[in-house]
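Right, one structure below, let's go through it.
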Amino acid sequence: MLQQTQVSRVVVKYSEFLERFPTLAHVARAKPARVMEAWEGLGYYARARNLHRLAREVTSANGADGASVGQLPSEPEALRALPGIGAYTAGAVASFAYERRAALVDTNVARVLKRAFVPNVQIKTTRGQRTIWGIADAMLPRTGRVTWTHNQALMELGALVCTARIAHCDRCPVRSYCVTGSKPSGRRAP
DNA sequence: TTCCTGGTCG
DNA sequence: CGACCCGGAA
């Protein structure tokens, strides 16, 4: 649900959805139309279809790749193979659900790393994404447990402080490490 | 690269 | 009003 959709709009729908479909098995068992119903108002309805396909794949005996039936795999590579799971979601599930030592780059992290280390990189391009992911990977802490906190902190920094329109360098905890924040004239967001 | 949904914010 | 939102598929 959080793919390209704001948290504030997701939170309500998410709890409603979980109430209706407590597990992936419930989603897999349901008709596609019922899943679409529960998705109403969120937009990007291909995600609902992908979720249903994912649920059926994961709950089928020969589809659960390396994980037990009905459970999502913990390896980013295995997660990536599932419908609707891209690089970010794979990293997020691996890191946040399984505490794996996995990198994760969403729109917030990409913006933070760009401003901090490579201000002139174009985030939208494939090459820019490769650069950002390389930095994110190089920054990973030693253990999965610390990686959970690390990734969470990166995302929150982008969501609350280093926001899209205003960087808020005056209240940034890592300003001294940041190329943009440490520059006298670079307090505003490029 | 482009498309997909629509509320919100600067 | 345009850009943005815890992206991913075609």
Side-chain angles (χ1 to χ4, degrees), chain A residues 1-18 27 32-33 35-58 65 72-73 75-100 102-116 121-137 139-140 147-172 174 180 187-190:
Chain A
M1 287 182 178
L2 286 164
Q3 288 168 1
Q4 204 64 17
T5 303
Q6 293 165 140
V7 177
S8 57
R9 197 186 324 180
V10 165
V11 282
V12 178
K13 282 285 174 183
Y14 179 67
S15 52
E16 288 176 4
F17 191 93
L18 276 191
V27 178
V35 179
M36 295 295 282
E37 260 176 44
W39 206 267
E40 202 65 38
L42 280 174
Y44 292 116
Y45 294 100
R47 296 179 299 176
R49 188 174 53 85
N50 286 332
L51 176 61
H52 188 258
R53 289 199 297 156
L54 178 146
R56 286 196 301 165
E57 197 169 317
V58 166
D65 187 10
L72 287 172
E75 300 285 347
E77 195 177 340
L79 285 160
R80 274 285 345 242
L82 268 34
I85 307 295
Y88 161 70
T89 306
V93 172
S95 175
F96 296 143
Y98 292 105
E99 295 188 353
R100 304 295 298 235
L104 145 184
V105 175
D106 72 329
T107 181
N108 290 312
V109 173
R111 183 176 58 251
V112 167
L113 295 182
K114 166 191 164 71
R115 287 178 182 164
V121 156
Q122 312 252 350
I123 295 178
K124 299 126 294 188
T125 67
T126 304
R127 196 166 67 80
Q129 281 291 321
R130 276 215 323 273
T131 302
I132 296 295
W133 274 92
I135 295 173
D137 199 63
M139 285 184 71
L140 284 178
T147 299
W148 190 99
T149 309
H150 170 84
N151 285 332
Q152 202 71 42
L154 268 181
M155 293 179 69
E156 291 302 296
L157 184 61
L160 302 176
V161 179
C162 196
T163 58
R165 297 178 170 93
I166 304 173
H168 294 296
C169 299
D170 52 331
R171 48 187 175 92
C172 180
V174 295
T180 303
R187 284 187 289 109
R188 305 242 291 145

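Computed from a predicted model, the values in this text were never measured in an experiment. In what follows, chains are A, B, ... by sequence order, proteins preceding strands, each numbered from 1.
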Please determine whether the number of non-hydrogen atoms from other residues, nucleotides or ligands lying under 6.0 Å from atom CD of Q122(A) exceeds 12.
no
My understanding is that only residues two or more places apart in sequence, or in another chain, count here; which of them pass side-chain hydrogen bond (donor to acceptor under 3.5 Å, both in side chains) with N50(A)?
R53(A)
When all nucleic acid strands are considered with a 4.0 Å heavy-atom cut-off, which category describes R53(A): base, sugar-phosphate, or nothing?
nothing
Which pairs with one or both residues in residues 123-135 of chain A pass salt bridge (charged side-chain N to carboxylate O under 4.0 Å, His left out), sequence neighbours excluded?
none
Answer with base, sugar-phosphate or nothing: what part of the nucleic acid does A87(A) contact at a heavy-atom distance below 4.0 Å?
sugar-phosphate
Just the endpoints, please: which first and last nucleotides of DNA chain C, 5' to 3', lie under 4.0 Å from a heavy atom of chain A?
dG2(C) to dA9(C)
Would you mind classifying the nucleic acid contact of I85(A) as base, sugar-phosphate or nothing, using non-hydrogen atoms under 4.0 angstrom?
sugar-phosphate
Sequence neighbours excluded, which residues qualify as ring-ring contact (aromatic ring centres under 6.0 Å, His included) partners of F17(A)?
F21(A)
The residue, N50(A) or Y88(A), whose nearest nucleotide of DNA chain C is more 5′ is Y88(A)
Whole-angstrom distance between dC4(B) and dC5(C), as gauged at atom C1'
13 Å
Give me the distances for all protein-to-nucleotides 1-3 of chain B N/O pairs that come in under 3.5 Å?
none

What residues, two or more places apart in sequence or in another chain, satisfy salt bridge (Lys or Arg N to Asp or Glu O under 4.0 Å) together with E37(A)?
R20(A), R34(A)
Using the P atom on both, measure dT2(B) against dA3(C) and round to a whole Å.
14 Å
Gap separating the CD atom of Q152(A) from the CG atom of L104(A), nearest 0.5 angstrom
8.5 Å
Sequence neighbours left out, what passes ring-ring contact (aromatic ring centres under 6.0 Å, His included) with F96(A)? Give chain and number order.
W148(A)
For DNA chain B, which residues of residues 3-18 of chain A approach it to below 4.0 angstrom with any heavy atom?
Q6(A), R9(A)
With sequence neighbours excluded, what pairs up with R100(A) under the salt bridge (Lys or Arg N to Asp or Glu O under 4.0 Å) test?
E75(A)
Suppose we screen for side-chain hydrogen bond (donor to acceptor under 3.5 Å, both in side chains). Which residues come up paired with T131(A), at least two apart in sequence or across chains?
none
Suppose we screen for side-chain contact (heavy atoms from CB on, under 4.5 Å). Which residues come up paired with A136(A), at least two apart in sequence or across chains?
A103(A), V105(A), L113(A)
What distance, rounded to whole Å, do you find between the two P atoms, one in dG8(C) and one in dG7(B)?
24 Å
Output all residues satisfying side-chain hydrogen bond (donor to acceptor under 3.5 Å, both in side chains) with R47(A), sequence neighbours left out; order by chain, then residue number.
T5(A)
